[in-house]
Amino acid sequence: MEETYLLNVEGVKKKILHGGQGELPKFQDGSKITFHFQTLKDNFERTVIDDSREAGIPMEIIVGKMFKMEIWETLLSSMRAGEVAEFWCDAIHTGMYALVSKGMRRIAEGRDPLEGQKHRCGMGNMFDYHSTGYDDLDELQRTPQPLIFIMELFRVEEPSAYKRDTWAMSKEEKLAAVPVLHSEGNRLVLRKEFRQAAEKYQEAVICLRNLQAKEKPWEEGWLKLESLVTPLVLNYCQCQLELGEYYEVLEHTTELLQKHKDNAKAYFKRAKAHAAVWNEREAREDFLRVAHLDPAMAAAVKKELKQLGERMRKKHGRERPACGASCC
């Protein structure tokens, strides 16, 4: 007979459906928990609200990173690897489920989980918007109620045993990761693996931007981080030039130049992107600005302007209509 017992937490009951193996894992801060879950209503039909198996990939959370459904850490930390358990949770623990489910569903649909939200906490967003976009979740939001969670625990990995996602890193871990990512990007560029290199540079930039968000703009801490961001963005843009992603280069170099108006390398990469998409006037303006800001780049600018002129003459030549009776 299945045993039902309390977890020494008010409003929670557990029933083990399939026993796990080994000792209880160590659920230390930073550990990654991988599991499948099913959420049901506590009604006669046991109506299924969500099932992670339908998305085809298991759920992951990091211990100690303030996941909105705090009770899930408590539930999972009572389980062994391979265990399947059913948890009944009173409404005092399920009030945030509608917002958590909304985010998970958006991710499964390939959408931004924060789309349309203001930069506020979850509860703030709940008051801002009357609908989650899903009828069943709107009902849960209007009427908090007990829920049943059926969970299958696959594994618990210690912080050192897996590659940490940027959002899960501490400040010190992010700072330590940046030079490593920068070096890996440079190595991939030498091998002409530009897409993979761009991903490394982008990940490093994300680390630094996350740290910058906690500093006051243009003060010493922010400026130190910005000095690390700039070369990474330029390297990223160089990779995008090689990949033919010219409009992305225009976007990132323009954003960079709004902060650093005298960055000759940013102008040079933007000029090359303008030239690639036939923006002749803008390309010429940027190339000339490069030569003015950095005379050492004058020879490279001269070469690029010559190539631009040749390309534009060929383009205009192809576009000129063939002469016939109608044009005489």
Side-chain angles (χ1 to χ4, degrees), residues 2 4 6-7 9-18 32-79 83-155 165-168 206:
E2 297 164 340
T4 301
L6 301 176
L7 292 182
V9 178
E10 181 184 356
V12 176
K13 297 177 184 178
K14 176 181 178 180
K15 181 187 294 182
I16 297 177
L17 306 181
H18 184 276
K32 181 165 71 174
I33 307 174
T34 304
F35 61 101
H36 265 310
F37 74 94
Q38 193 177 46
T39 305
L40 307 98
K41 285 188 174 183
D42 183 23
N43 57 13
F44 181 77
E45 296 84 6
R46 289 168 62 93
T47 306
V48 176
I49 301 171
D50 289 306
D51 188 339
S52 63
R53 286 180 175 79
E54 292 184 0
I57 55 173
M59 180 76 179
E60 295 178 348
I61 64 173
I62 307 297
V63 176
K65 292 299 179 181
M66 297 180 68
F67 184 63
K68 288 180 181 177
M69 281 292 294
E70 293 181 18
I71 193 63
W72 275 17
E73 275 193 28
T74 303
L75 308 183
L76 290 162
S77 64
S78 74
M79 300 177 69
E83 181 179 324
V84 181
E86 176 178 308
F87 299 91
W88 177 89
C89 294
D90 200 358
I92 59 173
H93 301 295
T94 63
M96 292 297 292
Y97 185 78
L99 288 180
V100 171
S101 176
K102 172 186 174 181
M104 292 188 293
R105 292 184 187 186
R106 284 179 178 271
I107 291 170
E109 294 164 4
R111 299 163 65 190
D112 182 353
L114 299 179
E115 176 186 324
Q117 286 193 15
K118 299 179 181 178
H119 295 291
R120 294 177 59 184
C121 68
M123 289 303 292
N125 280 302
M126 187 184 293
F127 288 116
D128 276 338
Y129 303 100
H130 300 295
S131 175
T132 63
Y134 303 94
D135 290 342
D136 58 338
L137 298 184
D138 287 345
E139 179 197 343
L140 291 181
Q141 191 164 278
R142 287 191 300 268
T143 312
Q145 56 195 268
L147 294 175
I148 297 168
F149 302 110
I150 299 176
M151 294 179 162
E152 179 180 2
L153 178 64
F154 292 133
R155 58 186 174 273
D165 291 326
T166 298
W167 63 267
I206 290 170

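Computed from a predicted structure; not experimentally measured.
- Remark: the backbone N or O of Pro58 is not paired with any side-chain donor or acceptor of Ser52 at under 3.5 angstrom.
- Distance check: Met96 CE to Leu140 CG gives 13.0 Å after rounding to the nearest 0.5 Å.
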Worked check of side chain to side chain contact (heavy atoms under 4.5 Å, CB included) between Thr39 and Met69 = CA-CA 13 Å; Thr39 305; Met69 281 292 294; over 6 Å; no
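- By the side-chain hydrogen bond (donor to acceptor under 3.5 Å, both in side chains) test, Gln145 pairs with no residue at all, sequence neighbours left out.
- Here Leu75 contributes atom CG and Glu70 contributes atom CD; the two are 12.0 Å apart, rounded to the nearest 0.5 Å.
- Between Leu147 and Cys89, every side-chain heavy-atom pair lies at or beyond the 4.5 Å cut-off.
- For Trp72, there are no side-chain hydrogen bond (donor to acceptor under 3.5 Å, both in side chains) partners at least two apart in sequence or on another chain.
- Checking side-chain atoms of Ser101 against main-chain N and O of Ala98 turns up no donor-acceptor pair under 3.5 Å.
- In this structure the side chain of Leu99 reaches within 4.5 angstrom of the side chain of Gln141, judged on heavy atoms.
- Counting heavy atoms from C-beta outward, Thr94 and Ile71 have side chains that stay 4.5 Å or more apart.
- Inter-residue side-chain proximity for Phe87 and His93 is flagged as unmet; no heavy-atom pair is nearer than 4.5 Å.
- Considering NE2 of His18 and CD of Glu83, their distance stands at 10.0 Å, rounded to 0.5 Å.
- In Asp135, the CG atom is not crowded: 12 or fewer heavy atoms of neighbouring residues, nucleotides or ligands sit closer than 6.0 Å.
- Within the 4.5 Å cutoff, side-chain heavy atoms of Met79 are placed close to those of Lys14.
- Between Asp138 and Gly133, the shortest heavy-atom distance links the atoms OD1-N, 4.1 Å.
- Note that CD of Glu60 and CZ of Phe154 are 11.0 Å apart. Values are rounded to the nearest 0.5 Å.
- Residues Leu17 and Ile150 are in side-chain contact: their nearest non-hydrogen atoms beyond the backbone lie under 4.5 Å apart.
- Ring to ring, Tyr97 and Phe149 are close: their centroids are under 6.0 angstrom apart.
- For the atom pair CG of Leu40 and CD of Glu45, the computed distance is 11.5 Å after rounding to the nearest 0.5 Å.
- Annotation for Glu10: atom CD does not count as buried by contact number, only 12 or fewer foreign heavy atoms lying within 6.0 Å.
- Within the 4.5 Å cutoff, no side-chain heavy atoms of Thr47 are placed close to those of Asp136.
- For the pair Thr34 and Leu153, the tightest heavy-atom approach, listed with the atom from each and the gap, is O-CD1, 3.7 Å.
- Within the structure, salt bridge (Lys or Arg N to Asp or Glu O under 4.0 Å) pairs that include any residue of residues 49-59 comprise Asp50-Arg105, Arg53-Glu152 (at least two apart or interchain).
- Atom-to-atom distance recorded for Phe37:CZ and Leu76:CG is 10.5 Å, nearest 0.5 angstrom.
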